[in-house]
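Heads up: the structure comes next, in structure tokens.
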Amino acid sequence: MPASTSAEEIFDLNPDGIFLSNGPGDPEPLKSAQKVAKKIIKQNLPLFGICLGMQVAIIEYARNVLKRYDISAASQMFNKFFICSNFLG
């Protein structure tokens, strides 16, 4: 599905899980992807990601489930990624 697909459009398809694909760039300015990931997490659907998709998923999980608002793409870039990845383990 295109990156512009809303969470509601995805939920209408009744998926068993959702995969956020990779792509070039920084996850921080991808506000629409962040909103979709946040809604997926709230629905308790399995969420998978690779590369950029995983970065978006980790950031939203940390912010919305763990209430860690200090997590950002910048924290991943400065040798602090282990903090984000440990949240999922």
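Given the structure is predicted, the values throughout are model-derived calculations rather than measurements. Quick note: residue numbers are just sequence positions, from 1.
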* L20 and M54: side-chain contact (heavy atoms from CB on, under 4.5 Å), yes or no, with the steps? -> CA-CA 7 Å; L20 300 178; M54 180 54 91; over 6 Å; no
* Linked, directly or transitively: F11 and M1 (ILVMFWY side chains, under 4.5 Å) -> yes
* Asked: What is the minimum heavy-atom distance between K67 and N64, and which atoms define it?
  -> NZ-O, 3.0 Å
* What's the shortest heavy-atom distance between V56 and A37, and which atoms? -> CG1-CB, 3.9 Å
* Hey, does the side chain of E60 reach the backbone of A57 with a donor-acceptor pair shorter than 3.5 angstrom? -> no
* Asked: L47 and F19: side-chain contact (heavy atoms from CB on, under 4.5 Å), yes or no, with the steps?
  -> CA-CA 6 Å; L47 179 59; F19 183 89; over 6 Å; no
* Asked: In terms of hydrophobic clustering (I, L, V, M, F, W, Y; side-chain heavy atoms under 4.5 Å; direct or indirect links), are I18 and F48 co-clustered?
  -> no
* Does the side chain of I10 reach to within under 4.5 Å of the side chain of L45, using non-hydrogen atoms? -> no
* Asked: Can you check whether Q34 reaches R63 side chain to side chain, under 4.5 Å on heavy atoms?
  -> yes
* Write down the atom of D16, the atom of P46, and the distance for their closest heavy-atom approach. => O-CD, 3.1 Å
* Any side-chain heavy atom of Y61 within less than 4.5 Å of one from L66? -> yes
* Would you call K39 and E8 a side-chain contact if the rule is heavy atoms closer than 4.5 Å? -> yes
